[in-house]
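Step one of this worksheet: look at the structure below.
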Amino acid sequence: MSTEKKPLNFIEQIIEEDLKNDYKISDLKFRFPPEPNGFLHIGHASSICLNFGLGEKYKAPVNLRFDDTNPIKEETVYVDSIKKDVAWLGFKWAEECYASDYFEQLYNWSVDLIKTGDAYVDSQTSEAIAEQKGTPTKPGTASPYRSRSVEENLSLFEDMKNGDTAEKAHVLRAKIDMSSPNMIMRDPVMYRCLHKAHHRTGNDWKIYPMYDWAHGESDFIESISHSFCTLEFLPHRELYNWFVERVGKPEDLKPKQREFARRNLSHTVVSKRKLAQLVEKNIVSSWDDPRMPTISGLRRRGYTPESIRNFADSIGIGKRENMIDVAHLEFCVRDDLNKKAPRVMGVLDPLKLVITNYPEDQTEWLEAENNPEDESAGSREMPFSKELYIEKEDFREEANRKFFRLKLGKEVRLKNAYIIKAEDVVKDEDGNILEVHCTYDPESKSGSGTEASKRKVKGTLHWVSIPEAVEAEVRLYDRLFSVEDPTADKDKDFIDFINPESLEVTKAYVEPSLKSAKPEDKVQFQRIGYFCVDQDSTSDHLVFNRTVTLRDNWKK
RNA sequence: UGGCCUAUGGUGUAACUGGCAACACAUCUGGUUUUGGUCCAGAAGAGUCUAGGUUCGAGCCCUAGUAGGCCAACCA
């Protein structure tokens, strides 16, 4: 495709190596296997982009597989949100699969394993089993039930399956090696008895397979060639291979598990448990609160799928501990929105500006470019009148020459309009500035081509005409945590590092063209930042979420 | 008294598998600009965890350390 040879990450190198050896390109098949017990977050986005990205690169199918082996924690609502998020990111899965679809097959294979002496029913408490497991430095000891006869195992397993035994009474274990240096290999549990209804299989099953038993076999059933997971599963690889070798025919292509490092993002947390706490403790409003690093939160915040995919691609994939600066994520949205978001004007902290030499009841409709980065975005008209709002921080009675804004006796350009000169201020008895009075140069109208319009002035301000201004609610979001890694301090709870200013709600005045803005519309309030219309927004009550500020080089 | 993984500018990844370290973000300078945005030009910043070894030559290979991470759920 592209002539430039982009360096391959280590995962791609593994695939290229396999392709050179015993794999055909048509053998390639991947999967994204979320457990439907929570919402997807930015960390998952990396995994999604890795797997589906590989699918696009090699034109290989990628399955969306729900790893639904634990009915206690899993629910259909999560299935739905996961599907929505993956689709929103712009990926198409080949098949929608469920580990639960394979329960029957898994059961039959387990019976085979019992028959070959590779599995047995243990009837001890989980405490006793844990006790016998040993420690990383001490080998485990065998269960007294380890040498049960095949017949007894078969019969007990049958009882378990039928729900004739109590939960916790028995488990099925693989018979491997109680003294393995890899603790995962010390006779891992394959099945537990759980008399719970499953979101898809209902009450059909009284036993449910454990992750290790279900995952690799699901990969095998779907002919997945490469099964990518995070680093903490590395010790599971040995078991993954052990199971997969015992299933199917020797000549079958067996899936390969390979591991990569999960991504950590600065100034936030990326763990389902911690994110759940933020919701439960009402620190954020919901899972899709725009401050949450969930896909749904980022979407509501105004992030685009392209920006997230570009982020995932640009941070690459590795095997070491990492902490990615959220500034990089912010760069990615700005980069995308700069090309896409229409420019509009809105004043967040208004200061009344009166143009003393402008006709009393006149309203002019001035042309304004929608996006200087995109010719095809066209233009719109916005009203100009005698009384305007400008940003309070854009005016000072006096300031040094580094202040490129309005000060008494000096000129400034009103974006898309005229050059004005501040003449006077009106204050209340406490000295607060209530109004700024200025004069305008009628010859300086933007785009008029006159000599006056071409004059260079120190600064350009955004503004909005008071009579036509539309009131809107603006939610100014900032980083959720005030430190890079809120989990770093072992003596403190991560909640202690919440940024108290992560949300500021304020009232703004925006230009009238925004009246028809719809949820998820994205705009750039010029000189301020990128904003996204919130789902709470209505035509009577506009609500904008700040996605990210503009990059600001002005140092005070 | 274990096994496994990892170690490259502030951050994240590269380095044609042995030929004196590159890209992006962040930072700092200039220039352009009717957004202190964008864009353009440029700068600074690592000698690749340490110590040995192999080699004409090591970030890449070997050995030993050191540091960090993972592994003892009827979770995934």
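A note on names: the letters A, B, ... follow the listed sequences, proteins ahead of strands, and every chain is numbered from 1. None of the values given here were measured: they were computed from a predicted structure.
- Comparing B/rU66 with B/rU50, their C1' atoms sit 7 Å apart, to the nearest whole Å.
- Using a 4.0 Å heavy-atom cutoff across all strands shown, A/Ile315 reaches sugar-phosphate atoms only and no base atom.
- The side chain of A/Gln13 contributes an N or O atom lying less than 4.0 Å from OP1 or OP2 of B/rA15.
- With a cut-off of 3.5 Å on both Watson-Crick or G-U wobble distances, the partner of B/rC60 is given as none.
- No N or O donor and acceptor, one from the side chain of A/Arg455 and one from the base of B/rU34, sit under 3.5 Å apart.
- Within 4.0 Å of A/Arg343, counting heavy atoms only, lies at least one base atom of the nucleic acid.
- Counting non-hydrogen atoms under 4.0 angstrom, A/Lys319 reaches the backbone sugars and phosphates but no base.
- Taking the ring centroids of A/Tyr240 and A/Phe233, they lie at or beyond the 6.0 Å cut-off.
- At a cut-off of 3.5 angstrom, counting only N and O atoms as typed in the model, there is no donor on one side facing an acceptor on the other between the side-chain of A/Arg527 and the base of B/rU35.
- B/rU38 adopts an anti glycosidic conformation, its chi angle falling more than 90° from 0.
- Ring-base stacking between A/Tyr211 and B/rA76 is not satisfied when judged by a centre separation under 5.5 Å and a plane angle under 30°.
- Glycosidic conformation, B/rG47: syn, with the torsion inside 90° of 0.
- In this structure, A/Phe233 reaches the bases: a heavy-atom distance under 4.0 Å links it to at least one base atom across the strands shown.
- Between the base of B/rU35 and the side chain of A/Gln524 there is a donor-acceptor pair shorter than 3.5 Å.
- Across all strands shown, B/rU35 remains unpaired; no Watson-Crick or G-U wobble contact has both distances below 3.5 Å.
- If you check B/rU11 for Watson-Crick or wobble pairing at under 3.5 angstrom, you find it paired to B/rA24.
- The shortest distance between the side-chain N/O atoms of A/Asn553 and the OP1/OP2 oxygens of B/rG37 is below 4.0 Å.
- Checked options A/Ser444, A/Ser453, A/Ser446; the residue passing with A/Arg413 is A/Ser446 (criterion: side-chain hydrogen bond (donor to acceptor under 3.5 Å, both in side chains)).
- For the C1' atoms, the distance from B/rG18 to B/rC62 is 14 Å, rounded to whole Å.
- Remark: B/rA44 base-pairs with no nucleotide; criterion is Watson-Crick or G-U wobble with both hydrogen-bond distances under 3.5 Å.
- Nearest to the side chain of A/Ile129, among B/rC74, B/rA76, B/rU35, sits B/rC74.
- For the P atoms, the distance linking B/rC25 with B/rC40 amounts to 10 Å, nearest Å.
- In this structure, A/Ile317 reaches the sugar-phosphate backbone alone: every heavy-atom distance under 4.0 Å involves primed, P, OP1 or OP2 atoms, never a base.
- Side chain A/Glu373 to base B/rG37: a donor-acceptor pair is found below 3.5 Å.
- Backbone-only contact: A/Arg551 has heavy atoms under 4.0 Å from sugar-phosphate atoms and none from a base.
- Contacts of A/Ser266 with the nucleic acid, taken as non-hydrogen atoms under 4.0 Å apart, are absent.
- Contact annotation: side chain of A/Arg405 to base of B/rG36, donor-acceptor pair present below 3.5 Å.
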